[in-house]
Amino acid sequence: GPADTAAADEIPSALQGMWGMNEADCDRSRGDAKGNLRIGPKKLEFFEAVARLGKVRARDAGAIRATYAFEGEGQSWTMDVALEVRDDGKRLVRRDSGPDAMPGPLQYLRCG
């Protein structure tokens with residue numbers, strides 16, 4: 001896979017970019033792109049929330065497991081999220097853990 005150019009306290013570069021649960025989610029100008037996820041070096045930007053990277057628990061070039069501080073819709077909460085790229089970086093698997101977690105893994109496709 002691609003070399004990881006991100007610092008050890010950043011989200012691996014292979015995971016950074018724009019993701020969607022389907023192709024419509026890749027268009028952020030749509031009002032219903034609820035599955036859109038933009039990953040930067042230090043944060044995850046969801047359709048209605050932003051998660052700032054906190055404590056990194058495990059990390060390699062294609063995956064990271066960390067605690068994030070979420071803010072969205074007037075609320076704030078903390079959650080552990082594991083992110084892993086598959087299929088040469090074309091797919092992303094997300095697993096949340098904690099009281100606010102979505103059950104089961106979520107699958108994203110790389111936009112563009």
Side-chain angles (χ1 to χ4, degrees):
D4 181 12
T5 56
D9 62 346
E10 292 184 348
I11 296 167
S13 44
L15 281 71
Q16 294 180 34
M18 184 90 83
W19 302 87
M21 290 191 174
N22 56 54
E23 281 187 27
D25 288 333
C26 289
D27 182 359
R28 274 182 95 95
S29 69
R30 291 170 63 112
D32 59 349
K34 295 211 185 304
N36 182 273
L37 169 58
R38 182 186 280 163
I39 301 181
K42 297 267 193 182
K43 64 183 176 179
L44 314 176
E45 293 182 79
F46 298 93
F47 187 69
E48 290 167 330
V50 174
R52 297 187 192 287
L53 181 64
K55 181 176 173 53
V56 176
R57 301 179 181 278
R59 184 189 183 288
D60 63 32
I64 187 170
R65 194 162 59 86
T67 303
Y68 294 83
F70 281 76
E71 282 180 38
E73 301 184 303
Q75 309 210 354
S76 58
W77 67 99
T78 305
M79 195 163 65
D80 277 21
V81 181
L83 300 167
E84 178 189 358
V85 287
R86 302 229 176 118
D87 293 348
D88 293 324
K90 294 186 193 72
R91 284 196 309 132
L92 176 75
V93 179
R94 167 186 159 204
R95 288 184 183 84
D96 297 348
S97 52
D100 298 303
M102 301 277 286
L106 299 170
Q107 305 261 354
Y108 294 85
L109 306 167
R110 186 179 284 284
C111 297

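Both backbone and side-chain heavy atoms feed into the values below; hydrogens, waters and symmetry mates do not. Small disclaimer: the values here were computed from a predicted structure and weren't measured.
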Of all the heavy-atom pairs spanning [X] and [Y], show the shortest one and how long it is.
X   : Y    : answer
R91 : L109 : CG-CD2, 4.1 Å
P12 : D60  : CG-O, 3.2 Å
F47 : R30  : CE1-O, 4.0 Å
G20 : C111 : N-SG, 3.7 Å

Do the side chain of [X] and the main chain of [Y] share a donor and acceptor less than 3.5 angstrom apart?
X   : Y   : result
S13 : T5  : yes
Q16 : I11 : yes
R86 : V93 : no
D25 : N22 : yes

[X] side, atom [atom1]; [Y] side, atom [atom2] - distance, nearest 0.5 Å:
X   : Y   : atom1 : atom2 : answer
K90 : L92 : NZ    : CG    : 14.0 Å
I39 : M18 : CD1   : CE    : 11.0 Å
L83 : R65 : CG    : CZ    : 11.5 Å
W77 : E71 : CH2   : CD    : 9.0 Å
L53 : Y68 : CG    : OH    : 5.0 Å
R52 : K42 : CZ    : NZ    : 11.5 Å

pair L106-W19: side-chain heavy atoms closer than 4.5 Å: no

Salt bridge (charged side-chain N to carboxylate O under 4.0 Å, His left out) evaluation trace for R59 with D9: CA-CA 9 Å; R59 184 189 183 288; D9 62 346; over 6 Å; no

Heavy-atom neighbours of [X] [atom1] exceed 12 at 6.0 Å:
X   : atom1 : value
E23 : CD    : no
D27 : CG    : yes
K34 : NZ    : yes

Same apolar cluster (I L V M F W Y, side chains within < 4.5 Å links), M79/L44: yes

Same apolar cluster: F70 and L15, side chain cutoff 4.5 Å: yes

